[in-house]
Amino acid sequence: MGIEIGELAARLGGREIEGDAAFVVEDVAGLEGGGPRDLGFLRSASHASALAESSLGAVIAPEGVDVGGRPVIRSPLPNLDFARATGWLRPAVRPPAGIHPSAVVAGDAKVDPSAAVGALAVVESGATIGAETVLGARVVVGAGTTVGRSCWLHAGALVREGCVLGDRVILQPGAAIGGDGFGYEFNERGEHEKVPQVGNVVLEDDVEVGANSTVDRARLGTTRIGRGTKIDNLVMVGHNVRIGEHGILISQTGVAGTSTLGDRVILMAQSGVGGHIEIGDGSFIGARGGVIEDLPPGSRVWGFPSIPERAWHRSMSVFAKLPEIVRRLRALEKRARTDEDGS
Amino acid sequence: MGIEIGELAARLGGREIEGDAAFVVEDVAGLEGGGPRDLGFLRSASHASALAESSLGAVIAPEGVDVGGRPVIRSPLPNLDFARATGWLRPAVRPPAGIHPSAVVAGDAKVDPSAAVGALAVVESGATIGAETVLGARVVVGAGTTVGRSCWLHAGALVREGCVLGDRVILQPGAAIGGDGFGYEFNERGEHEKVPQVGNVVLEDDVEVGANSTVDRARLGTTRIGRGTKIDNLVMVGHNVRIGEHGILISQTGVAGTSTLGDRVILMAQSGVGGHIEIGDGSFIGARGGVIEDLPPGSRVWGFPSIPERAWHRSMSVFAKLPEIVRRLRALEKRARTDEDGS
Amino acid sequence: MGIEIGELAARLGGREIEGDAAFVVEDVAGLEGGGPRDLGFLRSASHASALAESSLGAVIAPEGVDVGGRPVIRSPLPNLDFARATGWLRPAVRPPAGIHPSAVVAGDAKVDPSAAVGALAVVESGATIGAETVLGARVVVGAGTTVGRSCWLHAGALVREGCVLGDRVILQPGAAIGGDGFGYEFNERGEHEKVPQVGNVVLEDDVEVGANSTVDRARLGTTRIGRGTKIDNLVMVGHNVRIGEHGILISQTGVAGTSTLGDRVILMAQSGVGGHIEIGDGSFIGARGGVIEDLPPGSRVWGFPSIPERAWHRSMSVFAKLPEIVRRLRALEKRARTDEDGS
């Protein structure tokens with residue numbers, strides 16, 4: 001129980017310590033609510049006064065920031081180091097390897113012996129579950145779907161047939177991967193006839209998909225989420241979308257069918273991308289932004305339809321003054337009429 | 001089967017009756033479609049003409065409203081009284097106490113003998129299920145999670161490990177409580193490295209969470225939903241959010257991480273609150289409102305970024321006239337140029 | 001394996017063929033990535049150059065479009081015909097009829113012998129499952145709910161008690177049908193008291209509901225989705241809503257309680273309809289549109305609050321110029337003051 005901060009500093013790549021390297025921390029905590037055996041962290045000197053009020057036993061902090069004499073690990077990346085220390089002090093409890101007796105695993109599915117298949121999980125025919133992977137309670141892995149190594153599919157997540165998950169993929173509860181894309185054609189009776197969605201979904205290595213988010217399978221080919229992209233809760237990714245590497249899709253965002261996002265694209269909360277749109281690498285879509293035209297790399301846009309960030313901020317600042325603008329316009333018009341009458 | 005309206009009036013705290021107190025109603029119904037043994041209600045006199053067309057046998061109505069001679073329970077709170085009468089005439093069918101043989105309950109979980117654990121539900125190690133609580137089919141209660149008394153977790157709801165639900169908490173189908181918060185730090189390779197989310201979620205007494213809504217666990221500490229707060233479907237509550245008592249979050253709303261809402265805050269449909277925001281008690285956010293600055297108690301705002309209600313309504317009324325404003329401006333400019341030429 | 005294109009043309013109602021009618025196609029593919037045994041399609045002549053680059057073996061294409069000498073099925077409806085050909089070349093793999101041994105089916109439920117009930121599915125007391133219907137893994141059908149013929153409820157979909165699904169209804173993963181409507185009344189303590197939601201949901205024939213979408217049960221009576229209406233992912237339909245036939249609700253749209261949509265209404269992505277609204281047949285709500293007033297049939301609106309399409313487009317085009325408008329107004333005001341001083 002507990003780790004010496006000297007040991008933590010070593011694991012963090014040899015950070016310097018001030019104070020007692022043998023000081024043992026037992027848990028992590030924020031500035032509020034931390035106790036004398038807890039490790040906390042400071043992002044910057046601006047939080048030093050809050051630390052003075054805190055009972056934290058030790059901290060990770062940038063060079064030179066006053067920590068009130070506590071044992072401290074000095075770090076140029078205190079947020080990252082604290083995240084890693086959290087992982088060591090509060091490691092996720094992995095279920096033991098093996099298949100829970102209540103799980104239903106098809107005879108021809110391949111489950112690595114080091115994987116853990118939870119209570120009432122279902123692994124369908126021809127599916128493959130990689131080494132060290134955890135399937136939580138009642139997870140479903142569809143027929144022929146491949147799940148890589150060291151993945152964690154939390155309780156209630158599901159992946160339909162024929163999909164591919166890379167290594168270290170995380171699905172939060174209720175994430176639904178591989179549902180049919182939304183595709184219909186009008187038939188001779190003027191009714192919507194379903195277009196079979198026979199493609200799949202590929203989630204590359206290190207992708208995470210949030211709770212109750214959905215990624216639809218392609219009509220033909222593949223809906224692909226690139227390596228390291230992180231998707232928050234209640235996000236919708238349509239069929240045949242391609243998202244590059246290391247992207248961020250914040251909660252309640254939607255990307256409509258056949259759109260392509262480059263690498264490191266950020267979609268802020270409740271934003272949206274229309275169908276058949278291309279967004280260049282490194283673009284940033286502000287909260288509630290709605291993109292309906294292609295964007296070159298490095299774009300920063302807000303609003304719906306989205307416009308460049310500065311233009312949107314300027315227009316929004318005028319928006320609240322619209323009634324005043326109308327009054328001023330009316331005053332000018334009145335004056336013009338007076339001039340006319342008087343001339 | 002059926003209840004005399006005299007009995008209903010007594011249960012409602014002794015409401016007055018006009019007409020036959022022994023009249024038996026067997027069901028509840030709206031003004032349309034009700035039959036002669038159904039009980040309906042009138043909110044106010046403005047619906048009296050609709051009642052005249054109706055076949056309802058009896059009603060709950062405010063004092064003095066004409067009910068066409070039907071037996072009537074007079075009430076200052078007809079909506080509330082009708083809701084309660086609905087509960088008595090159409091009581092929810094509770095499954096019998098006990099654990100369904102197909103459920104998977106860990107040996108060290110504590111399930112009150114009066115609780116009902118449904119088919120294929122999972123109660124993990126160290127979890128506690130309180131008296132009279134119902135877990136529907138395939139509900140998952142994670143390791144060490146505590147569910148209070150008289151809760152109802154409908155089919156498919158799930159709560160991850162280490163969370164706490166108070167008494168009379170209701171989860172609708174697919175509600176996902178305790179997924180990881182969305183937290184990453186850039187690492188040395190410029191990639192998003194997951195920040196362990198080691199906190200939990202507390203849903204206090206009488207909280208309800210709608211279908212497929214998600215409440216994320218805290219990074220550290222607790223994401224807390226206060227007593228009596230009601231959350232609609234497809235709502236997202238981020239990590240470390242604190243929501244006060246008796247709030248209302250309408251469908252498809254999102255609250256980003258570490259924001260704090262006071263008591264009795266109302267978020268209308270499809271609204272949103274940015275991260276690290278404080279919203280004072282009794283505030284009201286209109287539909288689609290997006291709050292990105294702190295709000296004092298009693299605020300009423302609309303729009304994104306949100307502005308005071310009156311200002312928003314005024315600006316929106318101008319919005320549709322923007323093309324006309326441009327025309328008027330152009331006319332003034334033309335006139336100014338003419339003046340110049342002519343002067 | 002594979003089908004002769006002559007056979008496909010015949011099944012498509014006798015389409016004309018150019019080239020070898022005995023040419024066998026084995027799969028379907030898009031213009032990119034198709035191989036010599038794949039069937040593709042062209043919507044119009046504008047894609048003919050892309051086809052020239054493609055390795056597709058055969059195509060479905062409109063009359064007169066150059067297909068580079070490939071065997072071709074000529075069609076006035078190439079999209080629709082290709083969709084149907086997809087269904088024949090890549091038929092959905094139906095699980096075998098019967099009840100999986102791990103499923104939990106109540107003794108008094110009626111499951112047609114031709115239906116397939118998947119692993120760990122639950123069919124509660126009094127429910128009925130029609131002929132040829134497929135329930136995927138861990139689907140839940142609540143007590144007394146009726147599911148028609150040839151439906152497909154994908155893994156993890158669920159329907160609560162007392163609901164009715166017509167024939168050929170499709171539920172994608174995680175769709176939640178029949179959760180309680182969001183209804184409360186203030187009680188004497190000023191707290192939200194739950195209004196029992198004792199109605200149900202009816203999904204008529206040929207309705208499809210997307211992944212993790214929710215349709216709430218009525219307070220009294222029925223929430224009804226009309227025949228042929230298609231609902232995308234993460235859509236919210238509130239209690240007592242009535243949606244007509246052949247409608248389209250794109251992803252992340254919400255319809256609040258007691259609203260009525262006519263036939264063939266289209267709600268584009270992330271739009272919303274307030275409570276107690278009526279929208280006439282054939283109306284179109286643009287992406288992000290928010291309707292808070294009744295709309296006559298054939299309306300086309302955008303914006304929130306929604307306004308007619310042309311007015312919205314005009315106003316939006318002015319929006320980005322608001323700062324310029326303020327500058328022009330200021331110039332006129334300055335000039336007016338100068339005139340005054342000078343006169």
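Reminder, nothing fancy here: chain letters follow the sequence lines and each chain counts from 1.
Note on C/V122, C/L158, C/V104, C/V140: by heavy-atom pairs under 4.5 Å with chain B, the leading option is C/L158. Ranked by heavy-atom pairs under 4.5 Å with chain C, the first of B/G210, B/S102, B/P91, B/A320 is B/A320. Most heavy-atom pairs under 4.5 Å with chain B: of the set C/K194, C/R314, C/M236, this distinction falls to C/M236. Of the listed residues B/G33, B/A155, B/G228, the one with more heavy-atom pairs under 4.5 angstrom with chain C than any other is B/A155. Of the listed residues (B/H100, B/R227, B/K230), the greatest number of heavy-atom pairs within a distance under 4.5 Å of chain C belongs to B/K230. Contacts with chain B were tallied for C/R138, C/R160, C/M316, C/E124; C/R160 has the most, counting heavy-atom pairs under 4.5 Å. Listed options C/I307, C/V195, C/N187 were ranked by heavy-atom pairs under 4.5 angstrom with chain B; first place goes to C/N187. Of the listed residues (C/P305, C/G221, C/A331, C/A143), the greatest number of heavy-atom pairs within a distance under 4.5 Å of chain B belongs to C/P305.
Of the possible donor and acceptor atoms, one in the side chain of B/S251 sits under 3.5 Å from a partner among the backbone N and O of B/N233. At least one donor-acceptor pair closer than 3.5 Å links the side chain of C/S315 to the backbone N or O of B/F319. In this structure, C/S271 contributes its side chain and C/M268 its backbone to a donor-acceptor pair below 3.5 Å. The backbone N or O of C/G162 sits less than 3.5 Å from a side-chain atom of C/N200, completing a donor-acceptor pair. Judged by distance alone, with hydrogens and angles left aside, the side-chain atoms of C/D108 form a donor-acceptor pair with the main-chain N or O of C/G126 at under 3.5 Å. Side chain of C/T222 to backbone of C/R224: no donor-acceptor contact under 3.5 angstrom is found.
Contact annotation for C/A157: only backbone heavy atoms (N, CA, C, O) come within less than 4.5 Å of a heavy atom of chain B. B/L249 touches chain C through its backbone: at least one of N, CA, C or O sits under 4.5 Å from a heavy atom, while the side chain does not. Proximity to chain C is absent for every atom of B/E324, based on heavy atoms less than 4.5 angstrom apart. Of the atoms belonging to B/I170, it is side-chain heavy atoms, and not backbone ones, that fall under 4.5 Å from chain C. Interface remark: C/V139 contributes backbone atoms only to the contact with chain B (heavy atom separation under 4.5 Å). No part of C/A103 comes within reach of chain B, as not one of its non-hydrogen atoms sits under 4.5 angstrom from that chain. Contacts between B/H246 and chain C at a heavy-atom distance below 4.5 Å involve backbone atoms as well as side-chain atoms. In this structure, chain C has heavy atoms under 4.5 Å from both the backbone and the side chain of B/L329. Proximity to chain B (any heavy atom under 4.5 Å) is shown, for C/S317, by neither the backbone nor the side chain. With a 4.5 angstrom heavy-atom cutoff, C/P308 does not touch chain B via any of its atoms. Using a 4.5 Å cut-off between heavy atoms, B/T86 touches chain C through backbone and side chain atoms alike. At a 4.5 Å heavy-atom cutoff, the contact between B/L234 and chain C is made by side-chain atoms alone. Proximity to chain C involves both the backbone and the side chain of B/A211, based on heavy atoms less than 4.5 angstrom apart.
Heavy atoms from other residues, nucleotides or ligands lying under 6.0 Å from CZ of B/R264 number more than 12. For C/R310, the CZ atom counts as loosely surrounded, since its 6.0 Å shell holds 12 or fewer non-hydrogen atoms of other residues, nucleotides or ligands.
Interatomic distance, C/D232 CG to C/N212 CG, rounded to the nearest 0.5 Å: 12.0 Å. From B/I243, atom CD1 reaches atom CD1 of B/I225 across 4.0 Å, with rounding to the nearest 0.5 Å.
Residues of residues 172-184 of chain C lying under 4.5 angstrom from chain B, judged on non-hydrogen atoms, are C/G174, C/A176, C/G179, C/D180, C/F182, C/Y184 in numerical order.
No donor-acceptor contact under 3.5 angstrom links the side chains of C/R217 and C/Q197, judged on distance only.
Here B/E26 pairs with nothing under the salt bridge (charged side-chain N to carboxylate O under 4.0 Å, His left out) rule; sequence neighbours left out. For C/W312, the ring-ring contact (aromatic ring centres under 6.0 Å, His included) partners are A/F304, C/W302, not counting sequence neighbours.
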Could you check B/L31 against B/H47 for side chain to side chain contact (heavy atoms under 4.5 Å, CB included), going step by step and ending with a plain yes or no? CA-CA 9 Å; B/L31 291 173; B/H47 295 86; 4.1 Å; yes
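Between B/L267 and B/I250, every side-chain heavy-atom pair lies at or beyond the 4.5 Å cut-off.
Pairs passing the salt bridge (Lys or Arg N to Asp or Glu O under 4.0 Å) check and including a residue from residues 75-92 of chain B, sequence neighbours excluded, read B/R15-B/D81, B/D27-B/R90, B/R84-C/E188, B/R84-C/E193.
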